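In what follows, a single structure is set out as structure tokens and then discussed.
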Amino acid sequence: MPERQVNKKAWAARSRSRVRLICLFLLCGGANGFLFAQQEGNQLTQFMHTTYSYNAGYAGLSNGISLSLLHRQQWLGMGRGGGNGKKIAPNSTLLLADMPLKVLKGGIGLEFASFNTAYFRDIVVKLGYAYHLQTSFGTIGMGVRAQLESRGLDYSKFEPENTADRILTGKQKENGMYGDVGVGFYLLGNANYFVGIAVNNLVAHRSSKIAYRPSRYIAVNGGYSFSFKSLPKVEFTPSAYLETDFSCVSWSLAVMGTFNKRFWAGLSYRFEDAVSILAGVNIAKLQIGASYDITASRFIKASTIGGAFEITVRYCFGLEGERVNTEYKNARYL
């Protein structure tokens, strides 16, 4: 066999190996829970602010028109990499909106999200409806949601050693689209507690253009808000989030404290991943929050990649002729 042909096959094999290694690393994440984070964006430090993203039953329970924006930037020490200066650090942006509709005896919700990880980019749109059942102990939201996702791979960000390698340089981008469905149940209790359970990616449809198939997973969250007589101006809210596809499990715990219904701060722990500091302020109908992850995984601790930063902005206003609770006393506002 000619030497040139042997070299071409060797380069192709090496290129395929690199792509497989990159994909494997991104899926495993170098930190437990990263697979979930990039699949749905639900493993966020401020999971208490993105309930509709993982539970369709939450739609319309915000007691008004609620608009939320969250941005997460991971691996702060590795914002750009390689000689071409392309962004490779993972980042996520979520835009959430929901509102009650009395004529439908429930509420509707909308999400637009973008997840970027090195050479991969996902765009997700979710639209859902939840029926509200009033009970003696609280309001139950029973929701269903349709989802459309575009998943793409940008080959232009690769830097192959052999620029003539057609596997990595033969095309610029590859995209695939698929649809899915999720259902959720969310209880907003009268006694300042909340609990929800949802099943997402019920169809788990595989794209015909790219070799990707999402996993069905269950998301469970809950929490309770209370105060002590000795500290009447401080309200504490412990909350938890768990997600599993029955092969992997990821969970987070958080404890928040709100002073005088205006300033809030707390700590969060994501299993084998990070310890986080959270803080924010409520200004009338506007809520602003930020968090920073102090990474606990062995991989990140042994590198210079660094932690993650999140910022959230939420605005909730009442419908015409209605008042909206702007004191954020209930646990769903934390």
Side-chain angles (χ1 to χ4, degrees), residues 40-73 91-104 106-116 122-132 139 141 143-149 182 184 186 188 194 196 198 200 219 221 223 237 239 241 254 256 258 261-264 278-291 309-334:
E40 287 295 327
N42 297 333
Q43 277 300 301
L44 302 169
T45 300
Q46 300 185 58
F47 61 87
M48 64 290 294
H49 294 151
T50 59
T51 307
Y52 178 72
S53 179
Y54 52 82
N55 193 320
Y58 184 76
L61 291 177
S62 296
N63 193 29
I65 301 175
S66 176
L67 303 174
S68 300
L69 175 66
L70 181 145
H71 180 74
R72 176 180 176 85
Q73 180 66 59
N91 65 85
S92 308
T93 302
L94 285 75
L95 178 61
L96 304 168
D98 72 281
M99 62 177 290
L101 286 178
K102 289 186 176 180
V103 66
L104 297 178
I108 58 174
L110 173 67
E111 176 187 356
F112 177 83
S114 173
F115 308 115
N116 304 283
D122 297 350
I123 302 295
V124 182
V125 179
K126 302 176 183 178
L127 178 63
Y129 162 77
Y131 174 77
H132 295 171
T139 303
V144 61
R145 180 175 61 199
Q147 170 181 324
L148 182 65
E149 177 172 346
Y186 193 89
L188 190 62
F194 59 95
N200 295 293
N221 74 305
T237 306
S239 58
Y241 176 82
M256 309 289 290
T258 303
K261 303 176 183 178
R262 180 170 296 273
F263 303 100
W264 52 272
L278 303 88
V281 60
N282 304 320
I283 307 173
K285 300 176 182 180
L286 181 67
Q287 181 186 51
I288 301 173
S291 65
F309 177 79
E310 283 182 17
I311 185 168
T312 59
V313 179
R314 181 177 184 271
Y315 186 75
C316 188
F317 55 96
L319 303 174
E320 185 178 357
E322 295 183 357
R323 293 185 61 189
V324 60
N325 183 355
T326 60
E327 295 181 348
Y328 301 94
K329 181 177 181 181
N330 195 287
R332 69 175 181 267
Y333 292 110
L334 298 176

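Count residues from 1 along the sequence. Only a predicted model underlies this, so the values are computations on that prediction, with no experimental measurement involved.
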What distance separates [X] [atom1] from [Y] [atom2], expressed to the nearest 0.5 Å?
{"X": "Leu148", "Y": "Leu127", "atom1": "CG", "atom2": "CG", "result": "11.0 Å"}
{"X": "Tyr315", "Y": "Ser66", "atom1": "OH", "atom2": "OG", "result": "11.0 Å"}
{"X": "Asn55", "Y": "Phe194", "atom1": "CG", "atom2": "CZ", "result": "11.5 Å"}
{"X": "Leu96", "Y": "Lys126", "atom1": "CG", "atom2": "NZ", "result": "8.5 Å"}
{"X": "Arg314", "Y": "Asn282", "atom1": "CZ", "atom2": "CG", "result": "9.5 Å"}
{"X": "Phe317", "Y": "Met99", "atom1": "CZ", "atom2": "CE", "result": "8.0 Å"}

What I'd like to find out is whether the side chain of [X] reaches to under 4.5 Å of the side chain of [Y], using heavy atoms alone.
{"X": "Phe115", "Y": "Leu94", "value": "yes"}
{"X": "His49", "Y": "Leu44", "value": "no"}
{"X": "Phe112", "Y": "Ile123", "value": "yes"}
{"X": "Leu278", "Y": "Trp264", "value": "yes"}
{"X": "Ile311", "Y": "Leu69", "value": "no"}
{"X": "Thr258", "Y": "Thr237", "value": "no"}

For [X], side-chain hydrogen bond (donor to acceptor under 3.5 Å, both in side chains) partners two or more places apart:
{"X": "Glu310", "result": "Arg72"}
{"X": "Ser68", "result": "none"}
{"X": "Asn221", "result": "none"}

Shortest non-hydrogen contact between [X] and [Y], atoms and distance:
{"X": "Tyr131", "Y": "Leu104", "value": "CD1-O, 4.4 Å"}
{"X": "Gly57", "Y": "Ala130", "value": "O-CB, 3.8 Å"}
{"X": "Gly64", "Y": "Pro100", "value": "O-CD, 3.3 Å"}
{"X": "Thr51", "Y": "Tyr186", "value": "CG2-CE1, 3.6 Å"}
{"X": "Ser62", "Y": "Cys316", "value": "O-SG, 3.5 Å"}
{"X": "Leu67", "Y": "Ala97", "value": "CD2-CB, 3.6 Å"}

(Q) I'd like to know if the side chain of Tyr52 reaches the main chain of Gly128, judged simply by a donor and an acceptor atom lying under 3.5 Å from each other, with no hydrogens or angles considered. (A)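 It does hold such a pair.
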
Q: Answer yes or no: is there a donor N or O on one side and an acceptor on the other, between the side chain of His132 and the main chain of Ala59, under 3.5 Å?
A: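 Present.
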
Q. Is the Tyr54-Phe47 ring centre distance short of 6.0 angstrom?
A.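 No, they do not, as the ring centres are separated by 6.0 Å or more.
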
Q | Flag for Asn91-Thr93: side-chain donor and acceptor within less than 3.5 Å | A |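 The answer is no; no qualifying pair exists.
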
